[in-house]
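Input: a single structure, listed below in C-alpha cells.
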Number of protein chains: 2
Amino acid sequence: MAQQRAERADAVRNRRAVLHATERLLAEGGGEHVSLDRVAALAGVGKGTVFRRFGNRAGLLQALLEERSRELRDAITNGPPPLGPGAPVRERLLAFLDGLGAIAEDNAVLLSAHEQACAEDKYDDPSYQFWHRHLSVLFAEARPDLDADFLAHAVLAVFDGNLIRHMTPPDDPRRFTRSIQQMATALLDRGDHQAVIPQPIPEQDR
Amino acid sequence: MAQQRAERADAVRNRRAVLHATERLLAEGGGEHVSLDRVAALAGVGKGTVFRRFGNRAGLLQALLEERSRELRDAITNGPPPLGPGAPVRERLLAFLDGLGAIAEDNAVLLSAHEQACAEDKYDDPSYQFWHRHLSVLFAEARPDLDADFLAHAVLAVFDGNLIRHMTPPDDPRRFTRSIQQMATALLDRGDHQAVIPQPIPEQDR
DNA sequence: GCATATCCGGACTGACAGTCCGCCTCAGTG
DNA sequence: CACTGAGGCGGACTGTCAGTCCGGATATGC
C-alpha cells in the first residue's frame, strides 16, 4: 500500500544527484541563480527528470528544506523534553525557536528561494502547517487571552530568508535566534510579574 | 534645483495612465497576471515608457504602494495625535497599526506582488525604512529592555500580502488589524506592572 | 516657426518554468 | 540468460516575461 513497487535504482540515484546539485548551486551563487536548467545540468540529468521528481521549482526547494528540518520535526513529536512533549510551555517554545532559528540561519538563502517560488501556497505546505500547529498549541496554552492562531503565523512570518540575511552580522550568526526568543518570551509574559529581568539600559538613540 | 525643467505633459499623462492600468489589472485578475506587457497595452503606451518611468517591475508596484500610503506617512510626521507626535506611545502605536493595517488589508494583492518583485532589496525601500524607524523608536521608548530594531522588523514582517489574504475571512475584513494590534499591545506590556511613565514624548530624532 | 532635449513605441534579446514524447533501462520472470 | 514492458529518461520545444535599444515623434522654449 505504501508503495506497490520499490523506486527504481536509477530514480533514487538521480533524486540524490538533483538535491545535491541544488545544494551546491545555492551554496556558491546567490539563490536567484538556481535555475532548474542549471540544476539539471550540474546533476547530469535531463530537465524532465527534475520535474518528474519534484513537480516544480517550489517542490524541489521544499524537499531540500524538509530534509534539513526532518530531525527537528521528529524531536518535537517524539523526542525528549524540552523539545519534545513534557516540558513547560516556555522551555518548549524556546527550545523550538532555537532549533528552527538554527536551521533558518544556516539556510537563509534556501529559505529566500523557497519563499520566492512558493508565493501563495506557502501556507498549504505540510511543513509550514506543522510548525504553525505546534506554535499555536503552545501559545494557546500559555496565553488563552490572545489570538494564538495569529501569533503562530506572526512568529513564522519573521522566519524570512531575506530578513535573516539582512539582520545577521557576520560576527554574530545567532542574533536572529536570540532576538526572536526574546520576543516570544515577551509575548508569553502576562501582565503579572516574573522573568525577563529588566535591564537598566537608559535609552538608545540611533 | 528640484527640477531643471518641468516634466513634459505627455510624460505626466502617461505616468498616470500606467498607474491606473496597473490598478485595474491588480483589481480584476490575481496579482501574478500583471505583466508589464499587459500594463503597457492597457495603458495604451509602449513598454519602454513603463520602464523609463518606473525602472522595473518593483519600481512600478512601489510607486503605487507609495501613493496609497503617502497620507499615512504625512499624518505620522506632521499630523495631530494620536498618529502624529504627542500622544502616548501606546496610543500612537495602535493608531499607526490601524492605519497601516487598513492599507494592507485593502491592498493585499498589490502587497504580494510587490514582495514577489522586490526580493532582497525590500529593506532598502525608503517606505520600509520609514515604517521601520517609526516602530523602532516607539518600541525603544516603551521597552528599552527589548531589541527594538528587531521588533520593528518582526512587526513589519507580518504585513505580508499572502498572509493577510490567507487569514482574512470575507465577513471580517479587519481581523488582521485587530490581531496585530493585540500582539503589539502584548509586546508593550512589561512583565511587571512597573510604571511606564507616560512621558510627554519629546519627539523623534532625524 | 524652428531647434532640440526629451520622450515614445514596440521589436528584440535572453532567460526561465514547465510540457511532451520517442527512446532507453531496470527489474521481474521463466 | 533472454525476454519484456512498466516506468524512467533526456532534451528539444513552447509560451511568457523582464528588461534593452534606437529610429522616429513631439512638446517646449525662443
Worksheet entry | Whether over 12 other heavy atoms sit under 6.0 Å from Arg174(B) CZ | yes

Practice prompt. Take the protein atom CZ of Arg53(B) and the nucleotide atom P of dG9(C), then report the distance between them rounded to whole Å.
Written response: 11 Å

Worksheet item: So, Arg68(B) side chain and Ile103(B) main chain: donor-acceptor pair closer than 3.5 Å or not?
Response: no

Side-chain atoms of residues 163-173 of chain A: list all donor-acceptor pairs with protein atoms under 3.5 Å, sequence neighbours left out, distances to 0.1 Å.
| from | atom 1 | to | atom 2 | distance (Å) |
| --- | --- | --- | --- | --- |
| Arg165(A) | NH2 | Ser112(A) | OG | 2.8 |
| Arg165(A) | NH2 | Asn162(A) | OD1 | 2.9 |
| Thr168(A) | OG1 | Ile164(A) | O | 2.6 |
| Asp172(A) | OD1 | Arg178(A) | NH2 | 2.9 |
| Asp172(A) | OD2 | Arg178(A) | NH2 | 2.4 |

Item to complete: For Arg16(A), look at atom CZ and say whether over 12 heavy atoms of other residues, nucleotides or ligands are found less than 6.0 Å away.
Response: no

Item to complete: Please list, chain by chain and in numerical order, all residues satisfying ring pair (Phe, Tyr, Trp, His ring centres under 6.0 Å) with Phe54(A), sequence neighbours excluded.
Response: none

Worksheet item: If the sugar-phosphate is the primed atoms plus P, OP1 and OP2 and the base is the rest, what is the B/S/- string for nucleotides 16-26 of chain C, using protein heavy atoms under 4.0 Å?
Response: SBBB-----BS

Side-chain donor-acceptor pairs under 3.5 Å in residues 56-64 of chain B, sequence neighbours left out?
| from | atom 1 | to | atom 2 | distance (Å) |
| --- | --- | --- | --- | --- |
| Asn56(B) | OD1 | Ala58(B) | N | 3.1 |
| Asn56(B) | OD1 | Gly59(B) | N | 2.8 |
| Arg57(B) | NH1 | Val34(B) | O | 2.7 |
| Gln62(B) | NE2 | Asp125(B) | OD1 | 3.2 |

Discussion item. Does a side-chain N or O of Asn14(B) approach OP1 or OP2 of dC8(C) to a distance below 4.0 Å, or not?
Written reply: yes

Worksheet entry | Close approaches to DNA chain D from residues 109-123 of chain A, in residue order (heavy atom, under 4.0 Å) | none

Worksheet item: Can you list every side chain to side chain donor-acceptor pair (under 3.5 Å) pair that touches residues 36-49 of chain B, not counting sequence neighbours?
Response: Asp37(B)-Lys47(B)

Worksheet item: Do Asp160(A) and Lys122(B) meet the salt-bridge criterion of a basic N to acidic O distance under 4.0 Å?
Response: no

Item to complete: Whole angstrom is fine here: how far is it from CZ in Arg15(B) over to P in dT6(C)?
Response: 16 Å

